[in-house]
Amino acid sequence: MSSSSSSAPQRPSGKRIVRIRKPGRESETPQTTGSAVPAALAADALGYSLLLAARALAAVHAGRSLNEALARLAGEPAAARAAAQDVAYGVLRGYGRGEFILGRLMAHPLSHAETQALLLAALYRLETRPDAAPMVVDQAVAAAGELTGRALQGVVNGVLRNFLRRREELLAEVQRDDVAHCQHPSWWLARLRRAYPQDWPRIVAAGNSPPPMTLRVNARRIAVGDYLGQLQAAGIAAATVGSAGLRLAAPLPVDRLPGFAEGWVSVQDAGAQRAAELLDPAPGMRILDACAAPGGKTAHLLERADADVLALDVNAARTRRIEDNLRRLGLTATVRAADCLAVDTWWDGRPFDAILADMPCSASGVARRHPDIKTLRRESDIRKLVHTQAAMLDALWPLLKPGGRLLYATCSVFVEENAGQIDAFLARRTEARRVGEEQWLPDDGHDGFYYALLQKA
Ligand SMILES: C[S@@+](CC[C@H](N)C(=O)[O-])C[C@H]1O[C@@H](n2cnc3c(N)ncnc32)[C@H](O)[C@@H]1O
C-alpha cells in the first residue's frame, strides 16, 4: 500500500486517519508555497476512498492489473476499500470518458499520475453522485492535499468546479466523441463494427454495464429447484438459466448465499457454464483441462460426471485456487502446475477422450468484469494471443483419441481468436471436424464467450 496511508497515525479510538492540509484557495494555479495546515482525512471520509481509488487507478495506468492494484489496498479499512473499488471499476469501465472531459478542462494531463487519477475518480463520483457535488469537490481537494500538499489542490479544485459549471456542454461533447461515448479503445470498436455490424452497439453497451451475478448449482449436493427454494427462503431473488444456473436479481457477497461454504454453489457466468454442457462428460472419461485455473469449468465437469480429470495450469499460484475450489465442492481431480505446450514434461502418453482448451485470450467478452483490460490491452496483443492459441491447439490435438472431442473456448468476441482461429486450424488438420460452434455476445444475462467443439476422425 501507499506510503502515506501505511504511515497513517492512529487516533486513540483506533480509527485510521491520514494527515491532510486544508484546501487552498479556488484557483487553477498550482500552489507551491505556504504552510500546510494539518487536518484529518478520516478513513470513512469520501476523500479517503477517492485517494485509494486514485492510487489503484494510477497503478493500472502504469501497467498493473486492477486485481493487483486493489490487492495493494489490503491493509485499508473494508468500507474505504469497497468504496475505492467501486470508483476504480467505474472509472475503468468508462474508458476514455473521464480522460476526454479532462482534456477539455486542462491544457495537458498532470505529470503527477496519482493526482491525475484522482481527478478521474472525482469526476466519476460527481457524475454518479451529483447530489453530493460540493462534498465531492471538497473531499477531492483534501485528497489532493494528501498526495502533493498544496501544490495541486488549486488545480483539482478549479478543474472540478469548471466541470460542474460546464457540465451540460461537456456531456454533449462526450456524445459526439466516439471513444468517450462508447468507452472502448478505437481499435477495439473498429473490430466490433467490422465483425458485428448490427450487434456492436449492444456489445459495447453490455461491456460498459455492471455484470450479472450467476450461480452454478453443484448437482452432487443439491438440485437446482431446491436451491432456488433456499434462495427464496433467504429473500434472494433469482431465476434459472441453463441446466445448472441461477441468475441473481442483484449481486451479493458469497457469504450471504445459503450453503456456499458447504459447496452447494459456485459463482460462474451463464456463458461459462456452457463449456461443461457442450463437452458433456460421462463417468470414467479421461479428460484433460489444459488451462484450468481457477477451476470453474473443471469443477463443473466433475459435478456432472465422475470423470478422470487432469487439470493443468501454467500458473502455480492459480493451480492452488483449483485445489481450493475442488475441496469446497467435494470434488477430485489431478491438478498439476505445468505448461500445456511442453507436452513432454507432463503427459504420460495415454490419449484423452476429451480435452477442454479454455484459452488465454483478450477477454474482450468479459471486459465489464475486468475493466482494466480496456486500458491495458494493446491491439498488438491480439496477434500474439492468436499465435499462442494456435500453438496450444496444435500441441493438444495429438493427445486426443480418434473419435474424441476437443472443446476450444475463449471469453472473447474478436473473430481472430474464435471462428477465424478454428477455420485456420481445420485447414491445417483434415482429420478435425467442427461439430458445434457458439458465439455468445455479452448482454444483461451473460458474458461473451466462444466455443468450438471439434471431433477427431
Ligand atoms: C481463461 S483462463 C482459464 C479459466 C478456467 N478454465 C476456468 O474456467 O476457471 C486461462 C488460463 O490459462 C492459463 N495458461 C496460460 N498459458 C498456459 C499454458 N501454456 N499452459 C497451461 N495453462 C496456461 C492461465 O494461467 C489461465 O489460468
Side-chain angles (χ1 to χ4, degrees), residues 60 63 65-66 92-96 178-179 181-209 211 269-275 278 290-291 296-297 340-341 356-396 406-428 432 434 436-454:
V60 171
S65 76
L66 180 56
L92 293 168
R93 226 173 249 143
Y95 174 94
D178 198 33
V179 169
H181 175 56
C182 293
Q183 302 173 28
H184 282 67
S186 54
W187 64 266
W188 189 316
L189 291 171
R191 273 183 157 70
L192 293 183
R193 287 186 170 117
R194 251 194 331 267
Y196 308 102
Q198 305 296 324
D199 290 318
W200 73 264
R202 199 161 61 82
I203 301 172
V204 162
N208 296 338
S209 322
D269 185 71
Q273 295 185 31
R274 268 310 270 164
L278 286 165
C291 298
K297 300 186 184 75
C340 72
L341 284 164
L356 173 56
D358 190 14
M359 296 285 163
C361 71
S362 64
S364 56
V366 294
R368 58 187 176 183
R369 291 191 197 274
H370 306 283
D372 50 334
I373 291 171
K374 292 198 268 192
T375 297
L376 297 174
R377 190 71 70 216
R378 298 281 168 268
E379 183 171 22
S380 57
D381 295 342
I382 307 302
R383 196 168 25 83
K384 291 180 210 153
L385 285 163
V386 168
H387 182 79
T388 303
Q389 293 153 359
M392 286 188 179
L393 265 173
D394 288 336
L396 298 174
L406 181 148
L407 183 67
Y408 174 92
T410 72
C411 53
S412 173
V413 293
F414 295 151
V415 175
E416 303 96 307
E417 299 181 273
N418 298 344
Q421 177 75 267
I422 297 305
D423 289 346
F425 179 72
L426 295 177
R428 293 198 292 282
R434 177 166 25 199
E437 183 176 44
E438 296 181 3
Q439 175 69 66
W440 289 52
L441 301 179
D443 64 19
D444 293 347
H446 55 74
D447 293 338
F449 279 91
Y450 172 79
Y451 294 107
L453 188 61
L454 307 175

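Quick note: residue numbers are just sequence positions, from 1. Since the structure is predicted, the reported quantities are computational estimates derived from the model, not experimental observations.
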Counting only N and O atoms by type, is there a donor-acceptor contact under 3.5 Å from the side chain of [X] to the main-chain atoms of [Y]?
X: R377; Y: S362; value: yes
X: N208; Y: C182; value: yes
X: Y95; Y: P371; value: no
X: Y196; Y: L441; value: no

Quick one: [atom1] on [X] to [atom2] on [Y], what's the gap to the nearest 0.5 Å?
X: F425; Y: M392; atom1: CZ; atom2: CE; value: 14.0 Å
X: W200; Y: R193; atom1: CH2; atom2: CZ; value: 4.0 Å
X: M359; Y: L385; atom1: CE; atom2: CG; value: 11.0 Å
X: R93; Y: T375; atom1: CZ; atom2: OG1; value: 12.5 Å
X: Q183; Y: L189; atom1: CD; atom2: CG; value: 10.5 Å
X: D381; Y: S364; atom1: CG; atom2: OG; value: 12.0 Å

Side-chain contact, heavy-atom cut-off 4.5 Å: D178 with S186?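 They are not in contact (no side-chain heavy atoms under 4.5 Å apart), so the answer is no.
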Kindly indicate whether the side chain of P442, heavy atoms from C-beta on, has any atom under 4.5 Å from the side chain of I203.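 A side-chain contact under 4.5 Å exists here.
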Give me the atom names and distance for the closest heavy-atom approach of [X] to [Y].
X: N418; Y: S412; answer: ND2-O, 2.9 Å
X: A206; Y: R368; answer: O-CD, 3.2 Å
X: I373; Y: A363; answer: CD1-CB, 3.4 Å
X: R378; Y: W187; answer: C-CZ2, 3.8 Å
X: A367; Y: K374; answer: CB-CG, 4.3 Å
X: L376; Y: S65; answer: CD1-CA, 3.8 Å

Qualifying residue for side chain to side chain donor-acceptor pair (under 3.5 Å) with [X], from [options]:
X: E416; options: Q421, R191, R383; value: R191
X: Y450; options: E417, E438, E437; value: E437
X: D269; options: R274, R369, H446; value: R369

Set out, in order, the CA-CA distance, both residues' side-chain angles and the distance that settles side chain to side chain contact (heavy atoms under 4.5 Å, CB included) for L92 and H370, then state yes or no. CA-CA 9 Å; L92 293 168; H370 306 283; over 6 Å; no
Checking Q389 against T410: is there a side-chain donor and acceptor pair closer than 3.5 Å?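 There is no such pair (donor and acceptor under 3.5 Å, judged by atom type) between the side chains of T410 and Q389.
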Determine, step by step, whether W188 and F414 satisfy the ring-ring contact (aromatic ring centres under 6.0 Å, His included) criterion, reporting the C-alpha distance in whole Å, the side-chain angles of both residues, the deciding distance to 0.1 Å, and the verdict. CA-CA 9 Å; W188 189 316; F414 295 151; 5.5 Å; yes
For D447 and W440, run side chain to side chain contact (heavy atoms under 4.5 Å, CB included): C-alpha distance rounded to whole Å, both residues' side-chain angles, the deciding distance at 0.1 Å, then the answer. CA-CA 7 Å; D447 293 338; W440 289 52; over 6 Å; no
